[in-house]
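Notes follow once the structure below has been shown.
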Amino acid sequence: AIANGEGVTSNLYLVVTVPGTISGTVRSAVDSITPIVGAKVYLRRTSATSAIIDSATTDSTGAYALSNLAPGTPNYYLAVTAAGYVNGASNNIAIGNGATVTRNFYLAVAVPGSITGIVRRATDSTVIAGAKIYLRRSSATPPLSVSLSFCVSAVQFVAHTSLHGR
């Protein structure tokens, strides 16, 4: 208890946190110089499969910046996508108090693929005319755009894919 007229001294310690930034460039791996304009950079925290908390689009020089990021743990994770290129990622990025962290990406050109085959009955290998073919992704992370066209004939199916990313 404090008696009347007695003084009390207290020490109060404050920790000031200053937001940080992750910035860099996205370039073609072919020459490491050509900027990839319009690439999407997705930011997650805690893990590479956590919800996207922010994103940026690269400018005409391939540059991006994600700012006003809280320092400390948990760490940050980046995923990069661009039409016609294989996706990129940078994991477990620590940001110090007020720090700017640089993460540059060099994306390889994606080569479109195709799927061909003949749909047959398993029991006797008879060709199944008019069969419907479905292509599904096994994962939704990171974002990926897939465009498909199917050509189903009496004896063969062909799926031409145009993959954006990986």
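- Pairing each heavy atom of P74 with each of R45, the nearest pair is O-NE, 2.5 Å.
- The backbone N or O of L78 lies less than 3.5 Å from no partner atom in the side chain of R103, so there is not a single donor-acceptor pair.
- Side-chain N or O atoms of N104 include one that pairs as donor or acceptor with a backbone N or O of T25 at under 3.5 Å.
- Taking both residues in full, the closest heavy atoms of A94 and N75 are given as CA-OD1, 3.6 Å, listed atom of the first, atom of the second, then distance.
- When the side chains of ILVMFWY residues are joined at heavy-atom separations under 4.5 Å, either directly or via intervening members, Y77 and I52 end up in two distinct hydrophobic clusters.
- The backbone N or O of V26 lies less than 3.5 Å from no partner atom in the side chain of T58, so there is not a single donor-acceptor pair.
- By the rule that hydrophobic residues join a cluster once side-chain heavy atoms approach within less than 4.5 Å of another member, L66 and V37 end up as members of separate clusters.
- Between A70 and Y76, the shortest heavy-atom distance links the atoms O-OH, 2.8 Å.
- The only member of I95, T100, D54 that meets side chain to side chain contact (heavy atoms under 4.5 Å, CB included) when paired with I22 is I95.
- Scanning all heavy atoms of the two residues, the minimum distance from P35 to S60 falls at CG-O, 3.8 Å.
- For the atom pair CD1 (I128) and OG1 (T126), the distance works out to 8.0 Å, reported to the nearest 0.5 Å.
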_Quick one, I118 with V127, criterion side-chain contact (heavy atoms from CB on, under 4.5 Å). Give me CA distance, side-chain angles, the key distance, then yes/no._
CA-CA 7 Å; I118 298 171; V127 173; 4.1 Å; yes
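- Under the 4.5 Å side-chain contact rule for hydrophobic residues, V80 and I36 share a cluster.
- Looking at P19 and N68, their side chains come closer than 4.5 Å, going by heavy atoms from C-beta outward.
- The side chain to side chain donor-acceptor pair (under 3.5 Å) test applied to N97 returns no partner, not counting sequence neighbours.
- Residues F105 and Y64 are in side-chain contact: their nearest non-hydrogen atoms beyond the backbone lie under 4.5 Å apart.
- S23 and T21 form no side-chain donor-acceptor contact under 3.5 Å, judged by distance and modelled atom types alone.
- In this structure a side-chain-to-backbone donor-acceptor pair under 3.5 Å is present from R27 to I33.
- Between T81 and K40, the side chains place no donor N or O within less than 3.5 Å of an acceptor N or O (distance only, hydrogens not considered).
- Using a 4.5 Å cut-off between side-chain heavy atoms of Ile, Leu, Val, Met, Phe, Trp and Tyr, with links allowed through other members, Y106 and V41 fall into different hydrophobic clusters.
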